[in-house]
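First comes the structure, then the notes that go with it.
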Amino acid sequence: MSRDHVQSAQRPGTGAEAPFLELLARGASADAYEQPVLLARAEGLPSERIRALEQAKRLALHVRAEMEGRRRREAELSALFETAHDLAGLRDLDAVLQAIVQRARSLLSTDVAYLTLHDEAAGDTYMRVTEGSVAARFQQLRLGMGEGLGGLVAQTARPYVTPDYFEDDRFQHTRTIDTGVRDEGLVAILGVPLMIGAQVIGVLFAADRRARVFEREEIALLGSFAALAAAAIDTANLLTETRSALDRLARANEIIRDRSAVIERASDVHDRLAELVLRGGGVHDVAAAVSQVLDGTVEFTEADGAPAAPLEASRAEGHAVRHEDDWIAAVTAGGELLGALVLRGHPGLDPVDQRTLERAAMVTSLLLLARRSAVEAEQRVRGELLDDLLDARDRDPRVLRERAARLHADLDATHVVLAARLDGAAADADQEAAARRRLWSAASHLAATRRGLAAARDGGTVLLLPLEAGDTATDLARRTARHLGTAVHEPVTVGASAPVEDLAGHPDAVAAAYAEGQRCLDALRLLGRAGDGAAAEDFGFLGLLLAGDRDIAAYVERTIGEVVAYDERRGTDLVHTLDAYFACGMSPARTKDELHVHVNTVAQRLERVGRLLGDDWQSPARALEIQLALRLHRLSSRPGH
């Protein structure tokens with residue numbers, strides 16, 4: 001921090017916070033914030049000024065700490081989101097678990113991270129995944145139930161941490177475990193349970209080769225990773241069960257075909273339902289077709305529209321269940337309840353017709369899954385194209401245009417990149433993940449209806465939407481914030497970039513625009529405007545810092561353009577008068593001496609400025625923006641600029 005910065009803080013119109021704002025802007029270290037105060041004391045400035053600098057320093061350090069905390073939390077949320085994304089596209093369970101352990105080790109900055117699972121057949125626990133381990137004996141450990149720190153975690157279903165493993169007597173030490181831990185050189189260990197429902201299926205660990213106290217936030221973060229790991233294992237188990245169910249269904253179909261004479265009516269329904277599926281029929285078409293065959297009224301209803309007890313019984317048994325004069329067949333897929341087919345007013349139903357209703361329920365579930373898969377596939381394709389634009393992976397404009405055209409998007413149109421993020425407080429990790437899924441779904445639907453693109457990124461959602469004629473980036477940001485907030489029933493903050501063009505020819509422009517949108521989003525949240533939408537142009541002089549293109553001319557035009565235009569039209573000297581007025585500490589008496597005019601002339605000119613710029617032009621915030629615009633205008637008017 002130079003001596004000039006301290007001296008500049010003494011000039012009229014310059015606040016004590018100015019040097020600290022500069023330090024914040026360039027991301028200086030915490031030690032640098034002492035320099036303005038030390039220089040002020042060395043200059044012998046008044047005590048009031050030094051106290052003001054001390055207060056500004058404390059506020060600036062608080063803001064810096066908040067920003068550092070936000071960056072750290074964003075990194076944690078981004079890792080959790082990436083892990084959840086891996087889980088959503090689960091292909092290889094080992095790869096997903098390895099990614100979870102790697103990210104946990106990285107974010108907690110530990111030497112080692114590992115995951116153990118229970119072996120039901122052997123009655124013990126084994127090491128499933130390790131990251132950072134160097135000892136072969138440690139990587140091959142098998143632990144008896146209730147042994148070691150992991151045994152304590154499994155028994156209590158609660159996280160446990162030990163700053164010094166070998167000095168901790170809260171759990172049962174064994175020679176095998178202690179030898180493995182000693183080979184690995186571990187000292188501080190944190191373990192959190194892997195839970196499926198109320199059952200502990202394993203433990204996720206983070207460990208250091210030195211004494212360490214794990215903070216509460218670190219324990220919670222590792223717990224979140226453990227929840228994702230348990231979900232991955234549960235998903236893999238469900239996939240296995242689904243495949244088994246499909247295998248059983250295939251064998252049942254073979255038996256049915258062998259008994260074709262008995263199920264002739266069911267075959268007729270099968271043909272009709274197959275025809276419906278092939279020509280793109282919906283669930284209500286299935287209900288209508290079954291109604292004709294069973295000579296009754298069959299309706300599809302959501303899960304909450306059918307009686308709970310018989311619906312749950314049908315789901316558990318896998319068969320249609322009678323309820324008074326009706327029959328109810330649960331529509332399920334992989335254990336998920338999607339709805340029900342209800343046959344009204346038909347108490348007498350023979351076994352063949354009962355199986356017909358059950359088959360119709362199965363076809364209905366396939367149609368619902370197909371519809372969901374189609375929507376998810378389109379969302380993924382839109383997200384992949386936007387990811388490629390953000391990462392500039394595919395630079396062939398023709399290929400980019402063709403991919404966009406298949407999604408009914410036009411990359412030659414003017415677009416705005418919007419960064420959206422939830423601002424509601426979630427009660428727990430599950431609710432937060434559910435809220436993010438709702439935001440992603442709502443953003444994808446909005447992008448599809450607006451001929452745009454959407455992708456999940458950085459703990460939030462990014463959208464690329466076309467800008468309609470007469471619309472502004474600010475209008476689009478605010479409208480998008482309202483739309484998404486209504487859809488997810490939580491505040492959603494949206495930062496928008498300036499309009500961008502020729503995305504196919506310049507895919508790197510999308511990444512720059514996204515960065516600008518993120519800066520606007522962060523500014524909104526820091527200014528207490530959560531749940532709002534804005535672009536850089538809404539932030540006055542801060543917009544110059546937020547905008548990617550630093551459009552100085554546009555800022556000058558927005559701020560003092562009316563005054564400049566008035567001088568050009570009338571040959572007046574209002575701009576020079578403003579310069580002198582601010583240079584003289586906003587004193588009309590000193591201004592008239594500077595300009596060598598009567599004080600009434602100064603008052604008349606300032607009154608004209610007020611009519612051009614608005615009554616609040618001398619408020620501190622507006623005055624600061626106007627002074628910056630005057631200086632930029634003066635610089636841009638010099639020869640060579």
Side-chain angles (χ1 to χ4, degrees), residues 25 67 70 74 386 389-390 409 411 413-423 439 442-443 446-447 450-455 457-486 491-503 506-562 614 621-622 624-626 628-629 632:
M67 293 172 65
R70 288 175 183 273
E74 286 175 1
L386 183 50
L389 288 171
L390 287 168
L411 295 185
T414 301
H415 286 74
V416 172
V417 178
L418 303 112
R421 196 174 302 157
L422 288 166
D423 277 292
L439 175 62
L446 177 61
R450 286 290 311 278
R451 297 178 179 269
L453 304 173
R457 182 167 284 228
D458 300 327
T461 301
V462 55
L463 298 95
L464 180 68
L465 298 180
L467 189 65
E468 303 293 340
D471 216 354
T472 67
T474 297
D475 295 335
L476 185 56
R478 289 175 178 167
R479 196 162 54 245
T480 302
R482 288 195 302 270
H483 179 97
L484 295 179
T486 300
V492 176
T493 307
V494 176
S497 72
V500 289
E501 300 177 347
D502 191 18
L503 304 182
H506 302 88
D508 52 339
V510 180
Y514 175 50
E516 179 179 337
Q518 284 185 304
R519 291 193 293 271
C520 290
L521 186 151
D522 291 337
L524 282 171
R525 301 175 80 182
L526 288 172
L527 294 173
R529 292 173 57 185
D532 198 0
E537 62 188 19
D538 301 312
F539 293 94
F541 74 92
L542 288 176
L544 290 177
L545 303 176
L546 300 173
D549 56 2
R550 304 294 193 271
D551 192 351
I552 294 175
Y555 171 75
V556 173
E557 173 63 26
R558 288 196 304 270
T559 309
I560 61 170
E562 294 286 342
R622 287 290 307 280
L624 179 60
E625 292 186 359
I626 292 170
L628 177 59
L632 293 173

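These values consider heavy atoms only, across backbone and side chains, with no hydrogens, waters or symmetry-generated copies. Here the structure is a predicted model, which is why all the values come from computation and not from measurement.
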For Glu501 and Thr414, what are the C-alpha separation, side-chain angles and deciding distance, and is it a side chain to side chain contact (heavy atoms under 4.5 Å, CB included)? CA-CA 5 Å; Glu501 300 177 347; Thr414 301; 3.3 Å; yes
Nearest heavy-atom neighbours spanning Leu439 and Ala420: CD2-O, 4.3 Å
How long is the straight-line distance from CG of Leu464 back to CZ of Arg451, given to the nearest 0.5 Å? 14.5 Å
Heavy atoms only: give me the nearest Val500-Ala509 pair and the separation to one decimal. CG1-O, 4.5 Å
Arg482: partners by side chain to side chain donor-acceptor pair (under 3.5 Å), with sequence neighbours left out: none
Under 3.5 Å, side chain of Arg478 to main-chain N/O of Ala534, donor-acceptor pair present? no
Just by distance, do the side chain of Ser497 and the backbone of Tyr514 share a donor-acceptor pair under 3.5 Å? no
Return the CG to CD distance between Asp475 and Glu468, rounded to the nearest 0.5 Å. 12.0 Å
Going from OG1 on Thr461 to CG on Leu484, what distance comes out if it is rounded to the nearest 0.5 angstrom? 7.5 Å
Side chain to side chain contact (heavy atoms under 4.5 Å, CB included) with His415: of Leu465, Leu503, Leu476, Leu453, only one passes, and it is Leu503
I'd like to know if the side chain of His483 reaches the main chain of Ala481, judged simply by a donor and an acceptor atom lying under 3.5 Å from each other, with no hydrogens or angles considered. no
Restricting to non-hydrogen atoms, name the atom on Ala477 and the atom on Ala496 that form the minimum distance, rounded to 0.1 Å. CB-CB, 3.7 Å
Does Arg479 pair with Asp471 as a salt bridge, N-O distance under 4.0 Å? yes
Run the side chain to side chain contact (heavy atoms under 4.5 Å, CB included) check on Thr480 and Leu446 step by step: do they pass? CA-CA 9 Å; Thr480 302; Leu446 177 61; 3.9 Å; yes
How many angstroms lie between CG in Leu418 and CG in Leu463, if you round to the nearest 0.5 Å? 6.0 Å
For Gln518, run the side chain to side chain contact (heavy atoms under 4.5 Å, CB included) check against Val462, Val417, Asp458 and tell me which one passes. Asp458
